[in-house]
Number of protein chains: 2
Amino acid sequence: MENVSIKDIAKLSGVSVATVSRVINNNGRFSEETGKKVRDIIESTGYRTNRIAKSLRTQKTQSIGIVVPDITNFFFSNVVQKIEKHFFDIGYSTIICNTDRDPKKEKTYLKMLESKMVDGLVIISGVKKFEPTDIGISLIPIVYIDREPNDSVNSIFISSDHYQAAYTATSHLIRQGCKHPVLLLYDRASSSSEKRLSGFLDALKENHIFSSLEENIFTFPSSFDFVNLDKEDESFRNFLTKEQKIDGIFAVNDLLGVYALDVLRKEGKKVPADVKIIGFDNTPYSRFTTPKLSSIEQNIQEIATLACDSLKQLMENNYIKTEAKRLVPVKLIIRESSQTNK
Amino acid sequence: MENVSIKDIAKLSGVSVATVSRVINNNGRFSEETGKKVRDIIESTGYRTNRIAKSLRTQKTQSIGIVVPDITNFFFSNVVQKIEKHFFDIGYSTIICNTDRDPKKEKTYLKMLESKMVDGLVIISGVKKFEPTDIGISLIPIVYIDREPNDSVNSIFISSDHYQAAYTATSHLIRQGCKHPVLLLYDRASSSSEKRLSGFLDALKENHIFSSLEENIFTFPSSFDFVNLDKEDESFRNFLTKEQKIDGIFAVNDLLGVYALDVLRKEGKKVPADVKIIGFDNTPYSRFTTPKLSSIEQNIQEIATLACDSLKQLMENNYIKTEAKRLVPVKLIIRESSQTNK
DNA sequence: TTGAAAGCGCTAACAG
DNA sequence: CTGTTAGCGCTTTCAA
């Protein structure tokens, strides 16, 4: 039983397609009798509206696109999940696009999403080598998460306060006695990592700790693979050990933090006695390391809610009333890895 | 510059829409001259094909749907990512649907995907309270991952060999001296957990270890929340400690394994000396626990590849030539948590 | 090599 | 309350 269309229903129930359309969408008026008859036929045939045709006609798809760098990442998958849920509940479906942090793929997806006539767009992070407007996408409402657009027509920007995050974490390390904290990050040029860098540096500066990019920062290649640690290059270990002074670490994600923990252990250093560590994202696993990892927690629910509300507003009004930029505070979760015996 | 349609292009380049369509799709024949002219106009207007209209006409959408219980889960997000990548590379876009393990949501999504005319479907795990065929979805090619369908028309089933996984893990525990291994799982009725249960029980039986569901199995509620361990109920701790004999644990995911590790440590038990543990999924974090967690590794790449190839075959031929069922072997990664001093 | 025209399945005036 | 009709943007015969 396939390919039953509105026309078939019309024929079967002895009315016109217009009437069928009316009862399906419950608009316009029709007699209770016709309504019932049509509904019965629909029920018995298993008819389902063809949303493609409907979309073509109405120019609305009831779907939104989410562009995300890496669905595998804790933070990303959690926001995506929450946004998806929210929109599902109000009758939208979600096209999730994984870009692998590849600008070309992102561009392709953006074009596709536009040609699929999504009603709205959520763009999460990703390297910003271009703006959607560059490729002619200017009238679709867009919510950016963690990526600050240059050109914000019909769009809004939401992000955790990464500056505050880094500043808070670093200050905490210093307060716990660290004289030489370092920052661990990836070599990706994201707007959030810029913010984190300056939060980190500002905290040092305010505490009169001299810093240099070489001595206080270690950059992992984006491709760094925790899985094949056999071929682990020595540079990180060297960084950690050559610089005898290093006594504090702020890692831009928990995995990096946990990895540092592991390397330090192998080198016979004690955490937190010799070195203190703070991770990022507060992943479930971070609770169970030895010692338990302190971590920055992003307010994922808040970000998702904000994103959904903003996007809905944009889609309805075609412009946003509130400020076009929202910074969401983070929370430092202090566990064992960052404080001396407590 | 919006809403430029094929008709506009036709007008602008002084040819018919049919011709424009021909050059866009590069079929039918047209003079080199017209071709160039049309292409130029397209370029300059930033025209992009409306895929909705195209789909309506061709009855093909060049998109597939992926239905997944929890995008946040390590295994799921990794398969999804790989499948997405594969299809992206051959020009398909992917609609990822997160069901939260809710059969109702799954049903809704399935209907939606059908009415959006996806060309194929990947359904990952999830509670099987119904079959897509039950709701009238019978002609879309479907690949099931980790969920064995009763009624497999136009579909194929792919899964890690969960029986082998459990059997192997348990046998290993026994070989390492465990007299009383237990299985940790969730209260979800999935086809993979059935398999794991019987693999576990068979291993015990073969080694003449008497087992009972009460003493050898602990079931976490699906909703078990590692985040709010404050309100941790005592039942798991009791299970682990009351049964003095417990000396081996096979957990259906790493997080459960790591959690057990933590509880045992608090109770003063040594791993692996007193109790040996094996997790599941070989997540990156499992490498960095103390002691390092042994784990079962699924061959995600293989599963994804198989899924893609099968789906493509189904979509082309409308039936599968090979067997409609594929079991992918798993690998036991032995680390510190499961073997006595080595 | 190109154009005219039909039609994919649906909605929304407009008319009755 | 209901039917007729045009048309969303595209592809694809069929003629020319």
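Source: prediction; values computed, not measured. Only this structure's heavy atoms are used, side chains among them; waters, hydrogens and symmetry mates stay out. Just so we're on the same page: letters track the sequence lines, and every chain starts at 1.
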Please report, rounded to the nearest Å, how far the [atom2] atom of [N] is from the [atom1] atom of [X].
| X | N | atom1 | atom2 | value |
| --- | --- | --- | --- | --- |
| A:Ile6 | C:dA12 | CD1 | P | 11 Å |
| A:Gln62 | C:dT11 | CD | C1' | 14 Å |
| A:Asp8 | C:dG9 | CG | P | 8 Å |
| A:Arg22 | C:dT11 | CZ | C1' | 10 Å |
| A:Lys60 | C:dT11 | NZ | C1' | 14 Å |
| B:Glu114 | C:dG9 | CD | C1' | 14 Å |
| A:Asn50 | C:dC8 | CG | P | 12 Å |
| B:Leu56 | C:dT11 | CG | P | 12 Å |

- Item | 5′-ward residue of the pair B:Gly14/B:Arg57 relative to DNA chain C |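 It is B:Gly14, whose closest nucleotide lies nearer the 5' terminus.
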- Item | Chi angles and distances behind the side-chain contact (heavy atoms from CB on, under 4.5 Å) call for A:Ile52, A:Leu56 | CA-CA 6 Å; A:Ile52 298 285; A:Leu56 179 59; 5.7 Å; no
- Message: Looking at A:Lys104, is its backbone amide N or carbonyl O close enough to the side chain of A:Thr108 to form a donor-acceptor pair, meaning the two atoms are under 3.5 Å apart?
- Response: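 Between the backbone of A:Lys104 and the side chain of A:Thr108 there is a qualifying donor-acceptor contact (under 3.5 Å).
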- Do A:Asp119 side-chain atoms and A:Thr61 backbone N/O form a donor-acceptor pair below 3.5 Å?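 Looks like yes, one N/O pair under 3.5 Å.
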Would you tell me if any nitrogen or oxygen in the side chain of [X] comes within less than 4.0 Å of OP1 or OP2 on [N]?
| X | N | answer |
| --- | --- | --- |
| A:Lys54 | C:dT11 | yes |
| B:Ser16 | C:dG3 | yes |
| B:Gln59 | C:dG9 | yes |
| A:Thr58 | C:dC10 | no |

- Message: Using a distance-only criterion (donor-acceptor N/O pair, under 3.5 Å, no hydrogens), is the base of C:dG9 paired with the side chain of A:Arg51?
- Response: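 No such pair is found, so the answer is no.
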- What does B:Ser31 touch in the nucleic acid at a heavy-atom separation under 4.0 angstrom: a base, only the sugar-phosphate, or nothing?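 Sugar-phosphate only.
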- Indicate, with a heavy-atom threshold strictly under 4.0 Å, whether B:Ser55 touches base, sugar-phosphate, or nothing.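 Counting heavy atoms under 4.0 Å across all strands, no contact is made by B:Ser55.
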- Item | Range on DNA chain D touched by chain A, heavy atoms, distance below 4.0 Å |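 Using the under 4.0 Å cut-off, the span is D:dC1 to D:dG9.
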- Query: Do B:Glu148 and B:Ser191 get their side chains close enough for a donor-acceptor pair, meaning under 3.5 Å?
  - Reply: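 The answer is no; no qualifying pair exists.
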- Examine the side chains of A:Lys54 and B:Ser115 and answer whether a donor and an acceptor come within less than 3.5 Å of each other.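 Distance-only check fails for A:Lys54 and B:Ser115.
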- Item | Side-chain heavy atoms of A:Val122 within contact of A:Thr94, under 4.5 Å |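 A:Val122 vs A:Thr94: side chains apart.
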- Message: Below 30° counts as parallel, above 60° as perpendicular, anything between as tilted: where do the rings of B:Phe87 and B:Tyr92 land?
- Response: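 Because their plane-to-plane angle is over 60°, the rings of B:Phe87 and B:Tyr92 count as perpendicular.
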- Message: The side chain of B:Val17 is closest to which nucleotide in this list: C:dT1, C:dC8, C:dA5?
- Response: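 The nucleotide sitting nearest to the side chain is C:dA5.
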- Task: Go through C:dG7, C:dT1, C:dC10 for me and flag the one nearest to the B:Arg29 side chain.
- Result: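 The answer is C:dT1.
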- Query: Thinking salt bridges, do B:Glu131 and B:Arg147 make one under a 4.0 Å N-O criterion?
  - Reply: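 No, this pair does not count.
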- Task: Nearest-nucleotide wise, let me know which of A:Glu33 and B:Asn27 is further upstream toward the 5' end of DNA chain D.
- Result: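 Closest to the 5' end, via its nearest nucleotide, is A:Glu33.
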